[in-house]
Amino acid sequence: MRQPLRYPWFNFDVDDVLAPVVAVRIDVPDTKVEAPDHHHRKGQLVFALAGGVICRVSSGLWMVPPHCAVWIPGGMKHSNIATANAQMFFVYIEPGAAELPNRCCTLLISPLLRELIVELSDRVEDHDGRGDLLTRLLLVEVLRMPVQQLHLPMSSEPRLRRIADALAKDPADRSTLAQWSNRVALSESSLARLVVKETGLTFGRWRQQLHLIVAIRELATGASVQQVSADLGYESVTAFITMFKKALGKSPGKYLSDVSRNSGFGFVVD
């Protein structure tokens with residue numbers, strides 16, 4: 001059972017703070033936690049230094065690996081679910097402080113940006129002037145971060161939301177389109193058309209995108225290719241690597257090696 005996400009402040013509304021940037025650190029206990037649907041006037045960068053976090057918005061599901069963060073523009077309704085023992089940072093950015101995207105997206109996080117976020121989170125009430133410098137550096141650095149295609153297109157359509165929630169909970173579920181159509185009381189052809197209409201992807205490609213996101217998240221946290229392959233229900237490691245390489249043009253090891261070189265994070269893939 002998920003517990004509510006508890007913020008490290010009382011009677012404090014981050015939207016009332018006029019500072020260009022406010023960074024908050026949240027250490028999650030040994031159970032999953034969730035912040036249900038809400039929104040902020042400020043934009044929000046969601047970053048996990050340890051563990052994992054899932055962000056949901058009306059148009060997509062965003063699973064955040066450790067080398068990335070999700071950018072949520074101000075005013076956009078969203079929810080956050082964090083894994084047990086996660087170490088999370090929420091960075092709230094005043095509208096107009098930086099020309100960030102007006103859509104939800106995943107950003108690569110450089111070692112410098114990571115350290116700026118960590119340092120600024122300890123300076124919610126800053127009195128020595130260093131916060132101004134950290135803020136300026138952070139706003140410059142965040143604009144340099146490349147966008148990563150790590151999200152699952154979603155729909156508010158209740159039957160697709162039901163399927164997406166089930167697959168996010170158990171990505172190894174290999175139920176066929178026909179089996180899913182029976183569960184949601186649609187014909188197979190109607191469900192196939194609905195998935196394409198709402199997500200722009202076929203059902204098979206949609207589920208594969210979920211597998212890629214889960215795989216990258218788990219590999220980045222130290223899981224082996226063999227373990228991830230099994231957790232996603234592949235019959236063999238070779239089948240998993242073939243899927244990964246066909247979708248992203250690189251093997252899992254090469255993909256994370258390139259990310260490691262570009263971001264400064266050290267990933268090892270067995």
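Basis for what follows: all heavy atoms, side chains included, without hydrogens, waters or symmetry-related copies.
At least one side-chain heavy atom of Phe244 sits less than 4.5 Å from a side-chain heavy atom of Ile216. Taking 4.5 Å as the limit, every side-chain heavy atom of Ile93 sits out of range of all side-chain heavy atoms of Lys42. Met243 places a side-chain heavy atom less than 4.5 Å from the side chain of Leu212. Side-chain contact between Val24 and Phe89 is absent, with no heavy atoms from C-beta onward closer than 4.5 Å. The side-chain heavy atoms of Pro171 and Asp231, taken from C-beta on, include no pair separated by under 4.5 Å. You'll find the side chain of Pro73 stays beyond 4.5 Å of the side chain of Leu100, heavy atoms only. Taking the side chain as every heavy atom from C-beta outward, Trp180 and Asp173 approach each other to under 4.5 Å.
Using the six-membered ring where Trp is involved, His38 and His40 have ring planes that are perpendicular, over 60° apart on the 30 and 60° scheme.
Hydrophobic clustering keeps Val196 apart from Leu210 (ILVMFWY residues linked when any side-chain heavy atoms are closer than 4.5 Å, directly or through intermediates). No continuous path of ILVMFWY side-chain contacts below 4.5 Å connects Val140 to Phe47, so the two sit in separate hydrophobic clusters.
A donor-acceptor pair is defined here as one N or O able to donate and one able to accept, closer than 3.5 Å; such a pair exists between the side chain of Gln209 and the backbone of His151. Distance alone, capped at 3.5 Å, is enough to place a donor-acceptor pair between the Thr242 side chain and the Thr238 backbone. One N or O on the side chain of Ser181 and one on the backbone of Ala178 form a donor-acceptor pair closer than 3.5 Å.
Summarising the geometry, atom CG belonging to Leu138 is positioned 12.0 Å from atom CD belonging to Glu115; distances are rounded to the nearest 0.5 Å. Taken to the nearest 0.5 Å, the CZ atom of Phe203 stands 8.0 Å off from the OG1 atom of Thr176. The CD atom of Gln87 lies 11.0 Å from the CD1 atom of Ile26; values are rounded to the nearest 0.5 Å.
Of the options Val195, Leu177, Leu191, a side-chain contact (heavy atoms from CB on, under 4.5 Å) to Ile163 is made by Leu191 and by none of the others.
For Leu219 against Ala223, the heavy-atom pair with the smallest separation is CD2-O, 3.4 Å. Looking at every heavy atom in both residues, Met76 comes nearest to Cys104 through SD-CB, 4.0 Å. Taking all atoms of both residues into account, the shortest heavy-atom contact from Ser110 to Met145 is N-SD, 3.4 Å. Pro36 and Ser79 make their closest contact through C-CB, 3.9 Å (heavy atoms, listed as atom of the first residue, atom of the second, distance). Contact between Leu134 and Glu119 at its shortest, heavy atoms only, is CD1-CG, 3.5 Å. Of all the heavy atoms in Arg103 and Val147, the pair that sits closest is NH2-CG1, 4.2 Å.
Annotation: His78 is not in aromatic contact with His39 [ring centroid separation under 6.0 Å not met].
When the side-chain hydrogen bond (donor to acceptor under 3.5 Å, both in side chains) test is applied to Gln208, the partners found at least two apart in sequence or on another chain are Arg205. Under the rule for a side-chain hydrogen bond (donor to acceptor under 3.5 Å, both in side chains), the partners of Lys250 that lie at least two apart in sequence or sit in another chain are Asp258. Remark: Arg159 engages Glu157 in a side-chain hydrogen bond (donor to acceptor under 3.5 Å, both in side chains) (not counting sequence neighbours).
Summarising the local packing, CZ of Arg41 is surrounded by more than 12 heavy atoms from other residues, nucleotides or ligands at distances under 6.0 Å.
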